Amino acid sequence: MQKVIKSTDINKDLTDILGQLSFDKLFILTDENTDKLCYPYIAENEQIAKADKIIIKAGDNNKNIESLSSIWQYLSENGATRHSLLINLGGGMLTDIGGFAAATFKRGIKCINIPTTLLGAVDAAVGGKTGINFNGLKNEIGSFAPAETVLIDSVFFRSLDHQNFMSGYAEMIKHGLIDSDKEWKATLSFDTEEIDYEKLKQLVVDSVAVKERIVEVDPYERGIRKALNLGHTIGHAFESLSYEINKPVQHGYAVAWGIICELYLSIKHCGFPKDKLYKTVHFIRQNYDGFYFDCEHYEKLYQYMKHDKKNESDTINFTFLSDVGKIEINRTANKEEIFDSIDFLREGIGL
Ligand code: GLY
C-alpha cells in the first residue's frame with residue numbers, strides 16, 4: 001500500500017524515507033517553477049543535492065508525449081536502472097507525468113511524490129493515477145501506478161496564489177461532500193481569504209484521509225473510487241472546452257462548477273437535500289467566480305461528456321449523492337437534464 005506521510009519537517013522525513021528504500025541512483029524531476037521555488041527547500045538534503053535533476057516545462061499543456069519522452073531519454077542516457085528511484089517534486093501535472101515515466105521506464109522503477117500544490121496534495125499525488133494528455137484529451141494515456149511514498153508538507157502551499165489555492169480546495173469540498181456532514185461543514189466554514197495555515201494543515205490531513213480510505217478499498221476504480229469523480233463529469237467538459245476556446249480555467253474551478261451541476265442532478269435523481277445544495281452553492285459562488293460558458297457552448301460541452309473515459313457503452317456516467325456522505329455511483333442523466341443543470345449553475349433557476 002502507498003505510504004502517505006504528512007510531514008512537518010520535510011528534510012528529516014525525506015532523509016528517513018531515503019534511508020529505508022534501496023536504490024542504486026537517485027533522480028529528481030522538477031519543472032521550471034518548482035525547480036526555482038520548491039527545490040531549494042529540499043536541496044539541503046545531501047542525497048537530494050547529489051541527485052541527477054531533470055527539469056521539464058511547466059503547465060498542463062506540457063503533460064504530453066514530448067515531455068515524457070525527454071524524461072525517458074534523460075533516465076536512459078544517465079545510467080538509470082530498474083533499481084533507480086525518481087522523486088517527483090511538483091503539482092499534479094508533474095506527479096502525473098513523473099509517475100507515468102517511472103511506471104514505464106524499464107517496466108517500472110520506484111518513485112516518491114512530493115506535491116507542491118494543494119491540488120497535488122489532496123488529489124493528484126495520492127492514489128496512483130498517472131498519465132499524460134494525448135490527442136487533445138486529458139489523461140488519455142496512463143496507468144495505475146502508486147508512488148512508493150507521498151510526502152506532503154504544507155510549507156509549499158504558502159506560496160500559492162489565490163487561484164491555485166482555490167483550485168486545490170475544490171477537491172477538498174468534494175471530499176467533504178462524499179465523506180460526512182462533519183467534513184463537509186468543516187470545508188465550507190474555512191476562511192479562504194485569511195488563510196489560517198495551522199487549521200489548513202489539519203483540514204488537508206483529513207481530506208487526504210478521505211481519499212486514502214476510498215483508494216484502499218478500490219484502487220483500480222471498479223466501484224466506490226468513482227465517488228471521487230463527483231463534479232468531474234461536467235467539470236472536465238468545462239475544463240476541456242475552456243482550453244479549446246483559449247480561455248483556460250483551472251481544474252478546480254471547473255470541478256467546483258461541475259459540483260453545482262451534479263448536486264442539482266443529485267436532487268433530481270436521488271433526493272439530495274436542497275438546503276445542503278444551497279449551502280454548497282453559496283460557498284462556491286463566493287469563491288469561484290468567472291464562469292463564462294453560455295447556451296452556445298452546451299452542445300460542445302455535451303459532446304465532451306459523451307467522450308469521457310468514465311463512460312460505459314453509450315451513457316454518460318455520473319456519481320451522485322442522495323445526501324452528504326451517501327454515494328450513488330454509476331448513475332446517468334439525459335441531455336435535457338444536463339442542460340438544465342448548467343442553467344441552474346448560470347442563473348440559479350430550475351429548482
Ligand atoms: N482524481 C480522482 C481519483 O484519483 O480517483
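Model, not experiment: these values are computed from the prediction. Keep in mind that the numbers below use all heavy atoms, side chains included, and drop hydrogens, waters and symmetry copies. First listed ligand is number 1; within each ligand, the first listed atom is number 1.
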_My understanding is that only one of Phe339, Tyr253, Phe238 makes a ring pair (Phe, Tyr, Trp, His ring centres under 6.0 Å) with Phe293; could you say which?_
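That would be Phe238; it is the only one of Phe339, Tyr253, Phe238 passing the ring pair (Phe, Tyr, Trp, His ring centres under 6.0 Å) with Phe293.
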
*How far apart are the closest heavy atoms of Tyr169 and Leu203, and which atoms are they?*
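That closest heavy-atom pairing would be OH-CD2, 3.6 Å.
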
*Heavy atoms only: give me the nearest Phe100-Thr104 pair and the separation to one decimal.*
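Taking Phe100 first and Thr104 second, the nearest heavy atoms are O-OG1, 2.6 Å.
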
*Taking the six-membered ring for Trp, are Trp257 and Tyr292 parallel (under 30°), tilted (30 to 60°) or perpendicular (over 60°)?*
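Trp257 vs Tyr292 ring planes: perpendicular.
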
*asked:* Quick test: of every protein heavy atom, which one is nearest to atom 1 (N) of ligand 1, and how far off is it to 0.1 Å?
replied: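 Looking at atom 1 (N) of ligand 1, the protein heavy atom closest to it is Asp123 OD1, 3.0 Å.
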
*Report the nearest protein non-hydrogen atom to atom 5 (O) of ligand 1: residue, atom name, distance rounded to 0.1 Å.*
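Result for atom 5 (O) of ligand 1: Arg225 NE, 2.8 Å.
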
_Using a 3.5 Å cut-off on N or O atoms only, is Asn229 in polar contact with ligand 1?_
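It does not: no N or O of Asn229 is found under 3.5 Å from an N or O of ligand 1.
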
*Report yes if some N/O of Lys129 lies less than 3.5 Å from some N/O of ligand 1; otherwise report no.*
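Indeed, backbone or side chain, Lys129 has an N or O that close.
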
*Any Lys/Arg nitrogen of Arg213 or Asp179 sitting under 4.0 Å from an Asp/Glu carboxylate oxygen of the other?*
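Here Arg213 pairs with Asp179 in a salt bridge, since their nearest N and O are under 4.0 Å apart.
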
*Report, in ascending order of atom number, the atoms of ligand 1 lying under 4.0 Å from any heavy atom of Leu228.*
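In order of numbering, the contacting atoms are 2 (C), 3 (C), 5 (O).
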
*Answer yes or no for Lys211: is there a heavy-atom contact with ligand 1 below 4.0 Å?*
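The answer is yes: ligand 1 sits under 4.0 Å from a heavy atom of Lys211.
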
